[in-house]
Asks: 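Below: one structure in structure tokens.
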Amino acid sequence: MNKSVRVRYAPSPTGYPHVGNIRTALFNWLFARHYGGSFIVRIEDTDVTRKVEGAIKAILDGLRWLGLDWDEGPEVGGKYGPYFQSQRLEKYHEVAQRLIAQDNAYYCYCSTQRLEEMRAEQVQRKQPPGYDRRCRNLSQEERAKKEAEDITPVVRFKTPLEGQTRFNDLIRDDVAFENSNIDDFVLLKSDGYPTYHLANIIDDHLMEISHVLRAEEWLSSTPRHLLMYRALGFEPPKFAHLPMILAPGRAKLSKRHGAMSITEYYEQGYLPEAMVNFLALLGWSLDDKTEILTRQELIGNFSLERISRTAALFNQDKLDWMNGVYIRSLTADEFFTAVEPYLMKDELAGKALISSEKYVKDILPLIQERARTLVEVAELAQFFFVEELAYDSTLLIGKNMSRESATRALEVSQQRLGQLEAFDAESLEVVLRPLAVELGLKTGQLFGTLRVAVTGRTAAPPLFQTMAVLGKERCLRRIEAALDRLRGLSS
RNA sequence: GCCCCCAUCGUCUAGAGGCCUAGGACACCGGCCUUUCAAGCCGGCAACACCGAUUCGAAUUCGGUUGGGGGCACCA
């Protein structure tokens, strides 16, 4: 395999792209990049009735967000265009006509109603549903009669009645289907649009696609495609059917079953690099231990041989962990850049960012190592931004402490801190650590009380650093507020 | 109902006849570190679906069973 590798991602804009769709795109992209080939995006918009507004934008935005750049397709064009099937209708009609002329296809005049009834009956009789081929061998007169009735026919493929179609799937090895199990499927719909089967194989041929990497749900349509390639005399591409990604509960990913649009992962604060890494490991692995791989490592090591044949479940816990790994690996500047848009979406953090970027930049290192997603950052840092802390006053009184001891701890702290010149973490530690001894408290008791007073929480970033960032004034104000709370508390 | 695919810890996976008393990761549970949280480190829990066959030897090969998934539209 060399530079003649041409693969495509062919989404249909009938919904938003979920992780399954995107994983397919990613594998195609990795395959193309690994072999120095071309990655093509083709929009399969042949279903006018199910078209979803905004879907194309979501698809392209998703690819862009993950850094999956395409060499040909929407917005960038290419010499095999157009890349929207709705703009290639005449090509499909041409081929359909040719198949009819060759006696590999025929007009079918059966009404949807008749087809539905037929199918219902077949299902009831526990027969495999499929077209009964009523129009397959219509005589001239019968056809003329139907035409006169003003019925717009569909075009169906004349599937061979016997024999079998076998092929070598790059992931699943040899697969064989009996032709007798394949019905005469529709090629051209009555609205003039092609079905997936027709349009897909024509475009793969015209666009000189070398490898078709698609989800396993397409495996059973492959013999139909091969039959068409044979009838047309086209050389088929190589096929590789990727394992499915299943929703929790092991059902096919769909809107009903926990499928989220890839764009939502951006909104929830996942890093594209983490997403790419995670998705690559869903159905592919490098070895028995490597989990974290850069984009370049992924490209360099990607191979069909290491793709699994088993369907995988999407494990959000692991994604969260991996996202945390990536967040922690960012430099302070990179983290700021990544998190800024999310902070701007948060009212308090946004306001703080506008009034003092420096303050926010001081806060961020304290949060970076604790956040698993970018949206969490604003929440974890909230106490830095809020004017008035809201918390349960009894939290100020730590384990084995009384209201009096907590009060005294805060009073003395207030006094000592007030005298401090330098309000940095080190100076704070120098003052506060001996203070615990002096007060006869464990450090954990003193620091715990101070932590609640100053952050309103029992879990927060390291106390001294936190206080240093908050600043002397804010800390003293909050300690005063805490003392007020203690005074109001009945012992 | 018919056809196809698949089958290792709860999850993602390593494993292509002896290297496997089955390895890694997430999650979970302990411990260490520690002012809390997080991170980190150490340890633990936990799987070859089942039955036959081949073989000196099978998670790995073959057959069957069971289970799961996918497909069977004028949807893709």
Side-chain angles (χ1 to χ4, degrees), chain A residues 10-15 44-47 49-50 108 110-112 115-116 119 122-131 152-156 169 171-172 175-178 180-183 185-191 193-197 199-200 215-223 241 243-244 246 248 250-252 278 281-292 306 308-322 324-325 328 366-372 380 398 429 432-433 436 442-448 450-452 455 457-464:
Chain A
S12 91
T14 52
E44 310 222 324
D45 51 350
T46 55
D47 187 342
T49 59
R50 291 202 313 155
C108 169
C110 294
S111 67
T112 1
L115 295 173
E116 272 166 26
R119 235 180 330 261
Q122 287 165 333
V123 169
Q124 201 183 29
R125 291 204 324 252
K126 300 201 188 275
Q127 297 288 310
Y131 181 55
T152 313
V154 300
V155 173
R156 284 184 186 274
D169 186 275
I171 293 171
R172 277 148 226 285
V175 185
F177 289 82
E178 293 295 329
S180 57
N181 285 322
I182 305 169
D183 76 345
F185 53 96
V186 172
L187 260 23
L188 223 46
K189 302 182 260 187
S190 56
D191 65 0
Y193 278 81
T195 58
Y196 169 85
H197 302 300
N200 188 265
E216 197 202 323
E217 56 184 312
W218 296 108
L219 189 60
S220 47
S221 334
T222 306
H241 288 91
M244 305 276 294
L246 269 22
R250 297 210 158 268
K252 183 175 170 177
F278 179 74
L281 257 23
L282 230 45
W284 178 86
S285 62
L286 173 61
D287 55 28
D288 58 344
K289 40 187 61 103
T290 313
E291 303 274 349
I292 305 296
R306 294 203 60 85
S308 134
R309 279 143 298 140
T310 320
L313 240 52
F314 191 85
N315 181 189
Q316 180 116 6
D317 273 342
K318 191 156 183 175
L319 205 214
D320 285 349
W321 163 77
M322 193 172 280
V325 170
R328 274 175 258 126
L366 265 24
I367 304 300
Q368 182 172 0
E369 41 192 313
R370 291 171 173 74
R372 288 162 88 85
L380 287 169
E429 180 156 14
L432 293 174
R433 220 172 258 286
K442 289 185 173 170
T443 48
Q445 292 176 311
L446 203 219
F447 298 168
L450 274 172
R451 178 177 301 107
V452 173
T455 69
R457 303 182 181 193
T458 52
L463 184 63
F464 309 131

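Throughout, a chain's letter reflects where its sequence line sits, starting with A, and its residues are numbered from 1. Just so you know, these numbers come straight off a predicted model, no measurement behind them.
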Asks: Any donor-acceptor pair, under 3.5 Å, between the side chain of A:Arg50 and the base of B:rC75, if you only look at N and O atoms?
Replies: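 Check passes, donor-acceptor contact within cut-off.
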
Asks: Which is true for A:Leu463 with a 4.0 Å heavy-atom rule: it touches a base, it touches only sugar-phosphate, or it touches nothing?
Replies: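 Base contact.
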
Asks: Report yes or no: does A:Arg306 contribute a side-chain atom to a donor-acceptor pair with the main-chain N or O of A:Ser285 at less than 3.5 Å?
Replies: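 Yes; judged by distance alone, with no hydrogens or angles, the pair exists.
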
Asks: Taking the side chain of A:Glu369 as heavy atoms from C-beta outward, which of B:rG1, B:rA38, B:rA27 is closest to it?
Replies: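 The answer is B:rA38, which lies nearest to the side chain.
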
Asks: B:rU34 phosphate, OP1 or OP2: any side-chain N/O from A:Lys442 under 4.0 angstrom?
Replies: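 No, no such contact exists.
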
Asks: Whether the side chain of A:Lys189 engages the backbone of A:Thr46 through a donor-acceptor N/O pair (distance < 3.5 Å, no angle test) should be reported.
Replies: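 Yes; judged by distance alone, with no hydrogens or angles, the pair exists.
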
Asks: Need the pair for B:rC37. Rule: Watson-Crick or G-U wobble, both distances under 3.5 Å, any strand; none if unpaired.
Replies: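 Partner of B:rC37: none found under 3.5 Å.
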
Asks: Round to the nearest Å and state the distance from A:Tyr196 atom OH to B:rG71 atom P.
Replies: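 About 13 Å, once rounded to whole Å.
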
Asks: Determine the interatomic distance between C1' on B:rA38 and the same-named atom on B:rG17; round to the nearest Å.
Replies: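 Each nucleotide's C1' atom is 46 Å from the other's.
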
Asks: Output yes when a side-chain donor or acceptor of A:Asp183 lies under 3.5 Å from a complementary backbone atom of A:Tyr131, and no otherwise.
Replies: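 Answer holds: yes.
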
Asks: Do you know the tightest heavy-atom contact between A:Ala312 and A:Leu282?
Replies: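 The pair with the smallest heavy-atom distance is CB-CG, 4.2 Å.
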
Asks: What's the CG-P distance between A:Asp317 and B:rC28, to the nearest Å?
Replies: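 After rounding, the reported distance stands at 7 Å.
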
Asks: Could you check whether A:Ala215 gets within reach of a base, just the sugar-phosphate, or nothing at all, counting any heavy atom under 4.0 Å?
Replies: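 A:Ala215: no heavy atom of the nucleic acid under 4.0 Å.
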
Asks: Mind checking A:Pro153 for me? I need base, sugar-phosphate or nothing, with any heavy atom below 4.0 Å counting as a touch.
Replies: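 Answer is nothing: A:Pro153 stays at 4.0 Å or more from every strand.
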
Asks: Could you say whether A:Thr290 or A:Val325 is positioned toward the 5' end of RNA chain B, judged by the nucleotide with the nearest heavy atom to each?
Replies: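 Looking at the nearest nucleotide for each, A:Thr290 comes out on the 5' side.
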
Asks: A:Pro461 near the nucleic acid: base, sugar-phosphate alone, or nothing, with a heavy-atom cut-off under 4.0 Å?
Replies: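 Base: the residue A:Pro461, judged by heavy atoms under 4.0 Å, touches a nucleobase.
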
Asks: Which is true for A:Arg125 with a 4.0 Å heavy-atom rule: it touches a base, it touches only sugar-phosphate, or it touches nothing?
Replies: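 Nothing, no heavy atom under 4.0 Å.
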
Asks: Can you work out whether A:Glu178 or A:Thr112 has the more 5'-proximal nearest nucleotide on RNA chain B?
Replies: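 Going by which nucleotide is closer to the 5' end, it is A:Glu178.
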
Asks: Base, sugar-phosphate alone, or nothing: which one does A:Arg457 contact when heavy atoms must sit under 4.0 Å apart?
Replies: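 Touches nothing.
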
Asks: With rounding to whole Å, what would you report as the distance between B:rG57 and B:rG10 at their P atoms?
Replies: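 It comes out at 30 Å once rounded to the nearest Å.
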
Asks: Once hydrogens and angles are ignored, does a donor-acceptor distance under 3.5 Å link the base of B:rC5 to the side chain of A:Arg309?
Replies: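 In this structure, the two groups form no donor-acceptor pair.
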
Asks: Sticking with atom P, work out how far B:rA53 lies from B:rA14, rounded to a whole angstrom.
Replies: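 Here B:rA53 and B:rA14 have their P atoms 30 Å from each other.
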
Asks: Report yes if the side chains of A:Pro128 and A:Gln122 come closer than 4.5 Å at any heavy-atom pair, otherwise no.
Replies: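 Not touching, per the 4.5 Å side-chain cut-off.
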
Asks: Quick one: is B:rA76 close enough that its OP1 or OP2 comes under 4.0 Å of any side-chain N or O from A:Thr46?
Replies: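 The answer is yes; a side-chain N or O of A:Thr46 sits under 4.0 Å from OP1 or OP2.
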
Asks: So what does A:Glu44 touch, heavy atoms closer than 4.0 Å: a base, only the sugar-phosphate, or nothing?
Replies: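 Result for A:Glu44 = sugar-phosphate.
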
Asks: In whole Å, what separates the P atom of B:rC19 from that of B:rA59?
Replies: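 Rounded to whole Å, the distance is 9 Å.
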
Asks: Both distances below 3.5 Å, Watson-Crick or wobble geometry, any strand: find the nucleotide opposite B:rC62.
Replies: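 Its partner is B:rG52 (Watson-Crick or G-U wobble, both distances under 3.5 Å).
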
Asks: By the 4.0 Å heavy-atom rule, please label A:Ser190 as base, sugar-phosphate, or nothing.
Replies: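 Touches a base.
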
Asks: Is any side-chain N or O of A:Glu217 under 3.5 Å from a base N or O of B:rG69, one able to act as donor and the other as acceptor?
Replies: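 In this structure, the two groups form no donor-acceptor pair.
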
Asks: Checking all strands, does A:Ala460 fall into the base, sugar-phosphate, or nothing category for heavy-atom contacts under 4.0 angstrom?
Replies: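 It contacts base atoms.
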
Asks: Atom CG of A:Leu219 to atom P of B:rC5: distance rounded to whole Å?
Replies: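 Answer to the nearest Å: 7 Å.
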
Asks: Can you check the A:Leu432 CG to B:rU36 P distance for me, whole Å?
Replies: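 Atom-to-atom, A:Leu432 to B:rU36, this comes out as 15 Å.
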
Asks: Give the nucleotide from the list B:rA76, B:rC12, B:rC2 with an atom nearest to the side chain of A:Asn181.
Replies: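 In terms of side-chain proximity for A:Asn181, the closest of B:rA76, B:rC12, B:rC2 is B:rC2.
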
Asks: What's A:Thr14 touching, base or sugar-phosphate or nothing? Going by heavy atoms closer than 4.0 Å.
Replies: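 Counting heavy atoms under 4.0 Å across all strands, no contact is made by A:Thr14.
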
Asks: Between the main-chain N or O of A:His241 and the side-chain N or O of A:Asp169, is there a donor-acceptor pair closer than 3.5 Å?
Replies: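 Judged by distance alone, yes, a pair lies under 3.5 Å.
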
Asks: Which whole number of Å gives the distance between the C1' atom of B:rA25 and that of B:rU8?
Replies: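 Result for the C1' pair: 15 Å, nearest Å.
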
Asks: Is the distance from OP1 or OP2 of B:rG71 to the nearest side-chain N or O of A:Lys252 less than 4.0 Å?
Replies: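 For A:Lys252, the contact criterion (side-chain N or O under 4.0 Å from OP1 or OP2 of B:rG71) is met.
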
Asks: Answer yes or no: side-chain N or O of A:Ser220 and base N or O of B:rC4 forming a donor-acceptor pair under 3.5 Å.
Replies: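 By the distance-only test, no, there is no pair.
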
Asks: Just call it for A:Val175: base, sugar-phosphate, or nothing, with non-hydrogen atoms closer than 4.0 Å on any strand.
Replies: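 Result for A:Val175 = sugar-phosphate.
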
Asks: Between B:rU36, B:rC3, B:rC74, spot the one nearest the side chain of A:Lys189, thanks.
Replies: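 Closest nucleotide among those given: B:rC74.
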
Asks: For the pair made of CD in A:Glu429 and P in B:rU36, what is the distance, rounded to whole Å?
Replies: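 It is 13 Å, rounded to the nearest whole Å.
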
Asks: Under 4.0 Å between any heavy atoms, over every strand shown, what does A:Gly15 touch: base, sugar-phosphate, or nothing? Just pick one.
Replies: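 Nothing: the residue A:Gly15, judged by heavy atoms under 4.0 Å, touches no strand.
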
Asks: Does B:rC6 have its OP1 or OP2 closer than 4.0 Å to a side-chain nitrogen or oxygen of A:Arg250?
Replies: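 So the side chain of A:Arg250 is outside the cut-off, no N or O lying under 4.0 Å from OP1 or OP2 of B:rC6.
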
Asks: Quickly work out the A:Leu313 CG to B:rG68 C1' distance and round it to whole Å.
Replies: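 From A:Leu313 CG to B:rG68 C1': 11 Å.
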
Asks: Before you tell me yes or no, could you show the steps for A:Val175 and A:Thr222 under side-chain contact (heavy atoms from CB on, under 4.5 Å), namely the whole-Å CA-CA distance, both residues' side-chain angles and the distance that decides it to 0.1 Å?
Replies: CA-CA 10 Å; A:Val175 185; A:Thr222 306; over 6 Å; no

Asks: In whole angstrom, give me the gap between the P atoms of B:rC62 and B:rG67.
Replies: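 Each nucleotide's P atom is 22 Å from the other's.
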
Asks: Does any non-hydrogen side-chain atom of A:Arg433 lie less than 4.5 Å from one of A:Phe447?
Replies: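 In contact.
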
Asks: Where the side chain of A:Arg306 is concerned, which of B:rA76, B:rG69, B:rG15 is the nearest nucleotide?
Replies: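 It is B:rG15.
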
Asks: If I take atom CG in residue A:Asp288 and atom C1' in nucleotide B:rA25, what distance separates them, rounded to the nearest angstrom?
Replies: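 Distance, rounded to whole Å: 11 Å.
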
Asks: Check every atom of B:rG1, B:rA14, B:rC6 against the side chain of A:Ser285 and return the nucleotide holding the closest atom.
Replies: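 Output: B:rA14.
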
Asks: Rounding to a whole Å, what distance do you find between A:Asn315:CG and B:rA27:C1'?
Replies: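 These atoms are roughly 7 Å apart.
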
Asks: Counting only Watson-Crick or G-U wobble pairs whose two distances fall under 3.5 Å, which nucleotide matches B:rG17?
Replies: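 Its partner is none (no Watson-Crick or G-U wobble pair with both distances under 3.5 Å).
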
Asks: Give me the distance, rounded to whole Å, that separates B:rG24 from B:rG15 when you measure between the C1' atoms they each carry.
Replies: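 Taking atom C1' in both B:rG24 and B:rG15, they lie 12 Å apart.
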
Asks: Can you tell me if A:Ser190 uses its side chain to pair, donor with acceptor, with the backbone of A:Thr152 under 3.5 Å?
Replies: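 A pair under 3.5 Å: no.
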
Asks: What does A:Phe464 touch in the nucleic acid at a heavy-atom separation under 4.0 angstrom: a base, only the sugar-phosphate, or nothing?
Replies: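 Counting heavy atoms under 4.0 Å across all strands, the contact made by A:Phe464 includes a base.
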
Asks: Are the side chain of A:Arg370 and the backbone of A:Leu366 linked by a donor-acceptor contact shorter than 3.5 Å?
Replies: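 Checked: pair present.
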
Asks: Given B:rA76, B:rG70, B:rC2, which nucleotide is nearest the side-chain atoms of A:Pro128?
Replies: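 Output: B:rC2.
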
Asks: In whole angstrom, give me the gap between the C1' atoms of B:rA49 and B:rA58.
Replies: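 My reading of the C1' atoms in B:rA49 and B:rA58 gives 16 Å.
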
Asks: With both distances under 3.5 angstrom, what nucleotide forms a Watson-Crick or G-U wobble pair with B:rC2?
Replies: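 Base partner found: B:rG71.
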
Asks: Among the nucleotides B:rA76, B:rC74, B:rG69, which one has an atom lying closest to any side-chain atom of A:Ser12?
Replies: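 In terms of side-chain proximity for A:Ser12, the closest of B:rA76, B:rC74, B:rG69 is B:rA76.
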
Asks: With a 4.0 Å cut-off on heavy atoms, is A:Lys318 in touch with a base, just the backbone sugar-phosphate, or nothing at all?
Replies: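 Result for A:Lys318 = base.
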
